[in-house]
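I have placed the structure first, in the form of structure tokens, so that the comments after it can refer back to it.
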Amino acid sequence: MTDKKSRVTFQEVYYTREFKKRFFSSLSDEIKHAVICSPYFDKLPKPFEDILGFCLFLKKRGTETIHVITRPPGDDKQAMTVDMAHRLAAEEIEIFIRTTPYLHAKMYHFEYVRGNFRSFVGSANFTMGGFERNHELVTEIEGVGQTSPCHREIERMQAIGGAMPFAAWVARGQPAGEKERP
């Protein structure tokens, strides 16, 4: 939930190619915290090969925390692989697994060192299709302050009963998620 010290200063809706430009340009400022929420992971446009390459890029630039919220790895061929989840965890990327209800949300949230935030919320998965091939619509929200309008949803998805940390998911025997209903 936003506090009185935060405010939205800009919002706009973009189609796929413009979203990609805005997303990539948002990486030029020093990012303190990043949240990547997507049910699907695949190859990414250059210079990133995949989610691991993207997270390592952020870490190399000094990002303090990176959270990935997703559905159960290995659930199907479009989900993040279990191997990739283990590789991310080995790099101290915090992964949260949403087993139920089915995660279909897509949100990319950055908090910057200088005290502002930028979030992208829409239909684009963290895939080549989401950035280049598909026709997607994504809303960009920018603002200043300690929190953004997206914090409530990030906290809800990470809360008990929402998503579980990857280590807990592994300890529980990697339970499968609910299949998407028609």
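Just the heavy atoms: all of them, side chains too, but no hydrogens, waters or symmetry mates, feed the values below.
- Annotation: the span from L88 atom CG to T81 atom OG1 amounts to 8.5 Å, rounded to 0.5 Å.
- Checked by atom type and distance alone, the side chain of Y14 never pairs as donor or acceptor with a backbone atom of K21 at under 3.5 Å.
- A heavy-atom distance below 4.5 Å is found between the side chains of L27 and F54.
- Atom CE in M128 sits 10.5 Å away from atom CG in D50 (nearest 0.5 Å).
- Among residue pairs with one or both ends in residues 26-37, those qualifying as side chain to side chain donor-acceptor pair (under 3.5 Å) are D29-R114, H33-T65; sequence neighbours excluded.
- Of the inter-residue distances, the one linking I66 atom CD1 with I36 atom CD1 reads 8.0 Å to the nearest 0.5 angstrom.
- When hydrophobic clusters are built by joining Ile, Leu, Val, Met, Phe, Trp and Tyr residues whose side-chain heavy atoms come closer than 4.5 Å, directly or via intermediates, F110 is grouped together with F57.
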Pair F126-F48, ring pair (Phe, Tyr, Trp, His ring centres under 6.0 Å): steps then yes or no: CA-CA 11 Å; F126 210 69; F48 313 109; 8.3 Å; no
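- Taken from OG1 in T99 to CE in M164, the straight-line distance is 4.5 Å, to the nearest 0.5 Å.
- For residues 129-143, every residue pair satisfying the salt bridge (Lys or Arg N to Asp or Glu O under 4.0 Å) rule, not counting sequence neighbours, is listed here: K20-E132, R22-E140, R22-E142, R118-E140, R118-E142.
- In this structure, the side chain of T70 engages the main chain of S38 through a donor-acceptor pair within 3.5 Å.
- Of the possible polar contacts, one joining the K59 side chain to the E91 backbone as a donor-acceptor pair under 3.5 Å is found.
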